[in-house]
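Naming convention: chains lettered A, B, ... in sequence-line order (proteins, then strands); numbering from 1 in each chain. For the numbers below, each heavy atom of this structure counts, side chains included, while hydrogens, waters and symmetry mates do not.
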Protein chains: 2
Amino acid sequence: MTEIARVERRSGRPRSEDADRAIIEATLDLLAESGIAGTSIEGIAARAGVGKTTIYRRWRGLESLICDAMLTLKGPLPTLSGASLRDDLLSIAEAAARSRESARNRKVYACFVGEMSRYPALDAQYRETVIAPRRELTRGALRRAIERGELRDDLDLEVMSEIVTAPTLHWMLHHPDQTPSRELLEQLLDGVLGGLRPRA
Amino acid sequence: MTEIARVERRSGRPRSEDADRAIIEATLDLLAESGIAGTSIEGIAARAGVGKTTIYRRWRGLESLICDAMLTLKGPLPTLSGASLRDDLLSIAEAAARSRESARNRKVYACFVGEMSRYPALDAQYRETVIAPRRELTRGALRRAIERGELRDDLDLEVMSEIVTAPTLHWMLHHPDQTPSRELLEQLLDGVLGGLRPRA
DNA sequence: CCGATACGACACGTGAGCGTATCGAAACAA
DNA sequence: TTGTTTCGATACGCTCACGTGTCGTATCGG
């Protein structure tokens, strides 16, 4: 909805879809390199090989454009097998890792953490379309696991959700030049689920 | 070391320590409000009520100034009682929470996450003077706990360190408008140490 | 008092990005 | 072909920060 209405086409030269793609790609590239504050319409136009007019004709401004670019960043939500809590959480972690496979995407996520709060429209859309569905996915998996007796029921769901997701996200955030191996994801998850104290 | 050498004082008007303090405070304020990219010498001078000359006389440039400002951000390292792993880790978590008590400091930390990598000198100093000592403190506590049999010894120390610190740091990073209660810190820590599966 | 240095204030020219406007050419519908 | 719309390019006036230099004033040592 941030894009300017594409009114019913009647006549004249149609808008180039190549330009659309080039603009979005250039936006993500610049976000990764220079952060939100360092990304400008002029820079995007130059990198995309496009006139500024072409951008202003499609988006209201920088924030709208970044909103749209952001949406192309996130992959599809994983479908959970439901076989076990471990399987579900591993699927979620792997989906997160997959959307951070390219160095560019990792850097874009990193710059969002600190800068997003200064761009309210962007922040709201990010929370609603990216964070919230994934959060709900995790909470659902945890709820089902509690019902099946796979999880303690004496801890707040919010606290458990934090414990389960934080190590993976924290690792990925602070290792922007690496991709976590499947082994690492499993080690983190198993450590979290089983606990760090020796079983008596 | 980033500060311009304060040569042997001989005569003339001495530099104002009030100006020093005002400059550092203004720098941290602006970092919190606008991030690194949005912080300028002009802005700092204006907010501190100081001439630009006064800043350029003391620091080589913006990055040097931010380096010095950053050092005033971190409180002292906590001393660990060594009584138990839980006590030690709780002390570490509380020290981290304490240095994030003010909303301003929380926002400064948040902006560092995404932007720091674009400022190599700043990044190196931050890792060396802030992150490394705290990391070593945690690893030491974990090592001693393994020796005492308080911890599993089948997990990589790196992985355990990640699991132990991530939930607290992740929570604080994504709740920049709150301070974690002692109860929350304990819940997170106890969940991590005890694990999320029910004890058989 | 005198020389030295720091103080805040202000001005300089430079460069970047803003959002808008205008250009001739290109790509479509009728 | 004609009319319409988009294309990339370029230029506009505006604002902001850069780093430097220069004011007159304030504060120190000797």
Side-chain angles (χ1 to χ4, degrees), chain A residues 2-27 29-31 33-67 69 115 118-119 121-122, chain B residues 2-27 29-31 33-67 69 115 118-119 121-122:
Chain A
T2 64
E3 202 161 341
I4 289 180
R6 209 157 216 153
V7 286
E8 183 198 345
R9 311 305 322 294
R10 264 206 286 251
S11 70
R13 178 174 177 176
R15 290 190 184 164
S16 157
E17 296 187 10
D18 284 352
D20 271 293
R21 276 187 292 271
I23 292 169
I24 295 288
E25 283 301 304
T27 304
D29 286 348
L30 286 180
L31 282 177
E33 284 173 22
S34 319
I36 301 181
T39 297
S40 65
I41 296 278
E42 305 242 5
I44 294 169
R47 157 123 19 170
V50 143
K52 286 200 289 175
T53 327
T54 305
I55 297 180
Y56 279 109
R57 194 176 289 119
R58 295 161 202 237
W59 288 278
R60 276 180 240 292
L62 186 59
E63 202 160 337
S64 300
L65 171 50
I66 294 181
C67 270
E115 297 193 75
R118 282 188 287 278
Y119 304 84
L122 192 48
Chain B
T2 65
E3 202 159 342
I4 290 179
R6 207 156 216 153
V7 287
E8 184 197 343
R9 311 305 323 292
R10 264 204 286 249
S11 69
R13 179 175 175 174
R15 291 190 183 164
S16 157
E17 295 187 9
D18 284 350
D20 271 294
R21 277 187 292 270
I23 291 169
I24 295 288
E25 283 301 303
T27 303
D29 286 348
L30 285 180
L31 282 176
E33 284 173 22
S34 319
I36 301 181
T39 297
S40 64
I41 296 277
E42 305 241 3
I44 294 169
R47 158 122 20 171
V50 143
K52 287 199 290 176
T53 328
T54 305
I55 296 181
Y56 280 110
R57 196 176 287 120
R58 295 161 202 235
W59 287 279
R60 276 180 243 290
L62 185 59
E63 201 158 341
S64 299
L65 171 50
I66 294 181
C67 270
E115 297 192 78
R118 282 189 287 278
Y119 304 84
L122 192 49

Q.
Strictly distance-based, threshold 3.5 Å: is any side-chain N or O of T39(A) a donor or acceptor partner for the main-chain N or O of G35(A)?
A. yes
Q: For salt bridge (Lys or Arg N to Asp or Glu O under 4.0 Å), just list the numbers for E33(B) and R47(B), CA-CA rounded to whole Å, side-chain angles, deciding distance to a tenth of an Å, and then say yes or no.
A: CA-CA 12 Å; E33(B) 284 173 22; R47(B) 158 122 20 171; 3.0 Å; yes
Q: Determine, stepwise, if the pair Y56(A) / I41(A) fulfils side chain to side chain contact (heavy atoms under 4.5 Å, CB included).
A: CA-CA 9 Å; Y56(A) 279 109; I41(A) 296 278; 3.7 Å; yes
Q) Atom CD of E63(A) to atom P of dG19(C): distance rounded to whole Å? A) 11 Å
Q: Show your working on side chain to side chain contact (heavy atoms under 4.5 Å, CB included) between I36(B) and L122(B) and close with a plain yes or no.
A: CA-CA 11 Å; I36(B) 301 181; L122(B) 192 49; 4.0 Å; yes
Under-3.5 Å N/O pairs linking protein and nucleotides 8-11 of chain D:
| residue | atom | partner | partner atom | Å |
| --- | --- | --- | --- | --- |
| dG8(D) | OP2 | T54(A) | OG1 | 2.4 |
| dA9(D) | N6 | T53(A) | OG1 | 2.7 |

Q. For dA26(C), does OP1 or OP2 lie under 4.0 Å from any side-chain N or O of R13(A)?
A. no
Q | Nearest-Å distance for atom pair CD1/P, residues I23(A) and dT6(D) | A | 13 Å
Q.
Quick one, W59(B) with I23(B), criterion side chain to side chain contact (heavy atoms under 4.5 Å, CB included). Give me CA distance, side-chain angles, the key distance, then yes/no.
A. CA-CA 11 Å; W59(B) 287 279; I23(B) 291 169; 3.7 Å; yes
**Q.** Between P of dT27(D) and CG of D18(B), the distance in whole Å
**A.** 12 Å
Q. How close or far is atom P of dT6(D) from atom CG of D20(A), stated in whole angstroms?
A. 12 Å
(Q) Once rounded to the nearest 0.5 Å, what's the spacing between atom OG of S34(A) and atom CD of E115(B)? (A) 11.0 Å
Q: Check DNA chain C against residues 36-44 of chain B and give the residues with a non-hydrogen atom under 4.0 Å, in numerical order.
A: none
Q: Any chance you could lay out the side chain to side chain contact (heavy atoms under 4.5 Å, CB included) test for T27(A) and L62(A), step after step, and finish with the verdict?
A: CA-CA 9 Å; T27(A) 304; L62(A) 186 59; 5.8 Å; no
Q) What's the CH2-P distance between W59(A) and dG19(C), to the nearest Å? A) 15 Å
Q. Is L65(A) close to I24(A) at the side-chain level, that is, under 4.5 Å between some pair of heavy atoms?
A. yes
Q: Heavy atoms only: give me the nearest A22(B)-A48(B) pair and the separation to one decimal.
A: O-CB, 3.5 Å
Q: Could you tell me the separation between the CG atom of L62(B) and the P atom of dT20(D), rounded to a whole number of Å?
A: 14 Å
Q: Would you kindly give the CD-to-C1' distance between E17(B) and dA6(C), to the nearest whole Å?
A: 14 Å
Q: Measure from OH on Y56(A) to P on dG19(C) and round the result to the nearest Å.
A: 4 Å
